[in-house]
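The structure appears right after this line, and notes come after that.
Order of the sequence lines fixes the chain letters, A, B, ..., with proteins taken first and strands second; residue numbering starts at 1 for each chain. All values below were derived from every heavy atom in this structure, side-chain atoms included, with hydrogens, water molecules and symmetry-related copies excluded.
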Amino acid sequence: MPELPEVETIRNKFRQGTDDTPSLIGKRVTGTELLWERTLDTPSPEEFSARILGQEFTDVGRRGKYLLFHLQQDTLVIHLRMSGDLLFEAADDPIAPHHRLLLYLDDEYRLAFNDMRKFGRVWLVKDPQSLLAHLGPEPLDENLTPEDFHQRLGKYRRQLKPLLLDQSFLAGVGNIYADEALHQAKLHPQTRSHTLSLADITRLLYALQSVLKEAIRRQGSSIDWVYRDGDFQNHFQVYQRTGKPCYDCGTSIERITVGQRGTHFCPECQPYPNDG
DNA sequence: ACGAGCGCCTGTCGGC
DNA sequence: TGCCGACAGGCGCTCG
């Protein structure tokens, strides 16, 4: 579920702290509890516990949708997938449903990885580069120019929507923000990537960046019961607005399936290109 | 090269 | 009321 803006919001929460959550930086891991074995990808549970105990958090980063919790000797890498969340709790709070991994901190607090659908994964590695090597550029990297984007897009003859969701093409965009950015750029989700003009591509890159920045500013999107603090769900133009009028032209928003993902768009503002 | 199908999981919602 | 399918923010795999 969480995409770049939600992951960035969580990263900021644990790096800087909030009104009710202290920063993780400087806290020491004093205990671990693995409640669902498959949540831990690497290394074995025994080695994980032995290696992480005693280490202090030194920084919290993000690459694409991966959270990077830097420790003194290792990096704890977490991917939240569809339903993962991270919670800062008192060490003696009752263990909530769907908690999968607990890290006790200085015997006073704990960091809880909660993940209803169990798709999320955790790694403890010396160097996260090997895990992240497959990722494409960060969409908010200011060095990513429309010309770069043009060149990357031209290498494929793929539908735009699945291409934007491909993390090796661009890191961090998921189903919500792909639909929102394509609407802002006035591009049909099934447009073939190699048919776009430089003007189209410039508009698409700008739309991706402005949608992601605005979502980060609003602390992400809160759907269901996760990420309650986010506000961006109140500003969706197309996502989950099937049958409702487009704010720009009044036409009913349509929902189709593209690359096996629900896809929302305005058939008037985002017409299917004539050449397919 | 590209996309469909499926597996991994649990939960909610709408239709009958 | 209960059952059943569709769907959900992700991604890795196989198969044409």
Of the listed nucleotides (C/dC11, C/dG9, B/dG3), which one gets closest to any side-chain atom of A/Arg81?
C/dC11
Where the side chain of A/Tyr156 is defined as all heavy atoms beyond and including C-beta, which of C/dC11, B/dC2, C/dG9 is the nearest nucleotide?
B/dC2
Winner on side-chain proximity to A/Arg38, out of B/dC2, B/dC8, C/dA8, is B/dC8
Indicate whether OP1 or OP2 belonging to C/dG10 is found under 4.0 Å from a side-chain N or O atom of A/Lys65.
yes
If we count only N and O atoms by modelled type, under 3.5 Å, do the side chains of A/Thr145 and A/Asp148 hold a donor and an acceptor together?
yes
Using the P atom as the point on both nucleotides, what is the distance between C/dA6 and B/dG5, in whole Å?
13 Å
Do A/Tyr177 and A/Glu6 pair up side chain to side chain, a donor and an acceptor below 3.5 Å, judged on atom types alone?
yes
Between C/dG5 and B/dG7, how far apart are the two P atoms, rounded to whole Å?
15 Å
Just to be sure I understand the geometry, which residues of residues 258-267 of chain A put a non-hydrogen atom under 4.0 Å away from DNA chain B?
A/Gly259, A/Gln260
Is A/Arg255 touching bases, backbone alone, or none of the nucleic acid, heavy atoms closer than 4.0 Å?
sugar-phosphate
Taking B/dC13 as the reference, what is the distance to C/dG9 when you measure between their P atoms (whole Å, please)?
16 Å
So which heavy atom on A/Glu56 is nearest to which on A/Gln72, and how close?
N-OE1, 2.9 Å
Do A/Asp20 and A/Thr18 pass the side-chain hydrogen bond (donor to acceptor under 3.5 Å, both in side chains) test, and can you show the C-alpha distance, the side-chain angles, and the key distance before you say yes or no?
CA-CA 5 Å; A/Asp20 39 30; A/Thr18 66; 3.1 Å; yes
For the side chain of A/His98, counting heavy atoms from C-beta on, which of B/dG11, C/dG9, C/dC7 is nearest?
B/dG11
Does A/Glu138 pair with A/Arg63 as a salt bridge, N-O distance under 4.0 Å?
yes
If each of A/Asn175 and A/Tyr66 is mapped to the nucleotide of DNA chain C with the nearest heavy atom, which maps nearer the 5' terminus, i.e. the 5' end?
A/Asn175
Contact under 4.0 Å: A/Arg192 side-chain N or O vs B/dG3 OP1/OP2:
yes
What's A/Tyr239 touching, base or sugar-phosphate or nothing? Going by heavy atoms closer than 4.0 Å.
sugar-phosphate
Salt bridge between A/Arg203 and A/Asp200, side-chain N to carboxylate O under 4.0 Å?
yes
Flag as yes if A/Phe119 stacks onto the base of B/dC8 (centroids under 5.5 Å, planes under 30°), otherwise no.
yes
So which protein nitrogen or oxygen atoms get under 3.5 Å of nucleotides 14-16 of chain B's nitrogens or oxygens?
none

